[in-house]
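Data block below; observations after.
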Amino acid sequence: MRPHTVHAVMAVKHIDRAKSRLAEVLTATQRGQLVLAMFADTAAAAIAVPEVLSLTVVTPDPLVAARATDLGAHVLAEPTGAADPLNAALAAGASAVRDRHGPSQLLALQADLPALRPAELADLLTVAPDGERSLVIDHTGTGTAALLVRDDIAALAPRFGPGSAQAHRADGARALAGHWPGLRRDVDTPADLAAVRALGVGARTAAVLREFGALEQESDPVRTGC
């Protein structure tokens with residue numbers, strides 16, 4: 001196995017239930033289209049990194065599942081009846097990865113990082129310490145953009161949700177300090193959307209934002225490379 005390699009896991013809920021805090025600027029239909037596009041750009045950026053050996057996407061949404069399959073990801077149905085669906089989905093994805101590939105290092109990645117550059121993720125995988133769990137704290141300082149397990153058998157133990165950065169650190173994960181603006185910038189609010197536009201979003205996100213009239217090709221950068 002090459003150095004720094006991982007198997008990545010992402011969890012995506014029903015797109016018609018996502019991003020309610022964008023309701024003041026986007027309709028429900030537009031929010032669903034945006035969620036699907038941001039997921040696809042995030043997944044494409046991850047898959048473009050040679051050290052990412054596979055991507056597993058856990059979702060109950062057939063549109064997400066179809067898009068993930070088109071991108072070459074392995075798709076897993078979301079576990080039913082879980083009290084904490086997001087973390088249950090990530091844990092199930094991690095378990096499925098090791099069932100398929102044997103002992104493996106793992107990366108849990110948020111699904112709404114449309115400004116993520118493959119180079120940022122490659123750098124993270126290079127600098128993360130061996131034998132430990134690490135996290136990338138998001139732009140708010142309280143959330144988690146990525147959780148990395150540099151151990152072939154240690155549990156992923158995801159603690160995503162409100163206050164997840166502190167929860168992951170309390171559980172032994174080390175916060176990494178790299179300059180990864182696209183990796184740290186997830187999208188929940190109109191301000192977040194403006195911030196990723198300034199960084200430059202992936203082609204799929206750019207296309208839907210142009211369709212909504214929310215991105216002008218002449219002034220907003222578009223991420224290239226995947």
Side-chain angles (χ1 to χ4, degrees), residues 6-23 26 28-40 42-43 46-47 52-113 133-138 140 142-149 151-173 186-189:
V6 298
H7 294 272
V9 179
M10 297 167 63
V12 188
K13 62 184 178 181
H14 277 290
I15 61 175
D16 60 357
R17 301 175 189 171
K19 304 304 176 191
S20 59
R21 284 185 281 175
L22 292 174
L26 297 175
T29 297
Q30 289 174 330
R31 295 196 302 276
Q33 292 175 324
L34 178 62
V35 168
L36 191 60
M38 292 194 299
F39 156 71
T42 306
I47 290 169
V52 176
L53 300 180
S54 74
L55 172 63
T56 296
V57 177
V58 186
T59 183
D61 194 294
L63 293 178
V64 175
R67 185 66 58 88
T69 300
D70 289 344
L71 289 166
H74 179 78
V75 177
L76 185 68
E78 182 182 81
T80 59
D84 184 350
L86 173 59
N87 289 309
L90 290 170
S95 178
V97 164
R98 287 175 171 166
D99 285 345
R100 291 196 310 277
H101 300 285
S104 306
Q105 298 185 10
L106 301 168
L107 171 69
L109 195 62
Q110 290 279 30
D112 56 345
L113 304 171
R133 294 170 69 245
S134 304
L135 75 148
V136 177
I137 299 175
D138 71 8
T140 69
T142 62
T144 303
L147 179 67
L148 177 63
V149 180
D151 184 298
D152 289 346
I153 59 174
L156 180 64
R159 302 286 186 269
F160 287 84
S164 65
Q166 179 57 34
H168 284 131
R169 294 179 75 175
D171 200 34
D186 56 337
V187 176
D188 289 310
T189 68

Min side-chain heavy-atom separation [X]-[Y] under 4.5 Å:
{"X": "D112", "Y": "D188", "result": "yes"}
{"X": "T144", "Y": "V136", "result": "no"}
{"X": "M38", "Y": "L34", "result": "yes"}
{"X": "V57", "Y": "F39", "result": "yes"}
{"X": "L156", "Y": "S95", "result": "no"}
{"X": "K13", "Y": "V35", "result": "no"}

Under 3.5 Å, is there a donor-acceptor pair between the side chain of [X] and the main chain of [Y]?
{"X": "D152", "Y": "P103", "answer": "no"}
{"X": "T42", "Y": "A40", "answer": "no"}
{"X": "R133", "Y": "A157", "answer": "yes"}

To the nearest 0.5 Å, what is the distance between [atom1] ([X]) and [atom2] ([Y])?
{"X": "M10", "Y": "L76", "atom1": "CE", "atom2": "CG", "value": "14.0 Å"}
{"X": "T189", "Y": "L22", "atom1": "OG1", "atom2": "CG", "value": "7.0 Å"}
{"X": "Q166", "Y": "T142", "atom1": "CD", "atom2": "OG1", "value": "10.5 Å"}
{"X": "R31", "Y": "L36", "atom1": "CZ", "atom2": "CG", "value": "15.0 Å"}
{"X": "D138", "Y": "D186", "atom1": "CG", "atom2": "CG", "value": "5.0 Å"}
{"X": "R21", "Y": "L26", "atom1": "CZ", "atom2": "CG", "value": "14.0 Å"}

Report, as yes or no, whether the 6.0 Å neighbourhood of atom CZ on R98 holds more than 12 heavy atoms from other residues, nucleotides or ligands.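 Atom CZ in R98 is packed in, count exceeds 12.
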Nearest atoms (heavy-atom pairs only) where [X] meets [Y]:
{"X": "A82", "Y": "A88", "result": "CB-CB, 3.5 Å"}
{"X": "A165", "Y": "G143", "result": "CB-O, 3.6 Å"}
{"X": "L113", "Y": "A145", "result": "CD1-O, 4.3 Å"}
{"X": "L147", "Y": "P158", "result": "CD2-CA, 3.9 Å"}
{"X": "V58", "Y": "G93", "result": "CG2-CA, 3.8 Å"}
{"X": "V187", "Y": "K19", "result": "O-NZ, 2.6 Å"}

How about T59 and D61: does a side-chain donor come under 3.5 Å of a side-chain acceptor?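 Side chains of T59 and D61: no pair found under 3.5 Å.
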Kindly indicate, with the supporting measurements, whether the criterion side-chain hydrogen bond (donor to acceptor under 3.5 Å, both in side chains) is fulfilled by T56 and H74. CA-CA 5 Å; T56 296; H74 179 78; 5.4 Å; no
Parallel under 30°, tilted from 30 to 60°, perpendicular over 60°: which one fits the rings of F160 and H168?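 Aromatic pair F160/H168 classed perpendicular.
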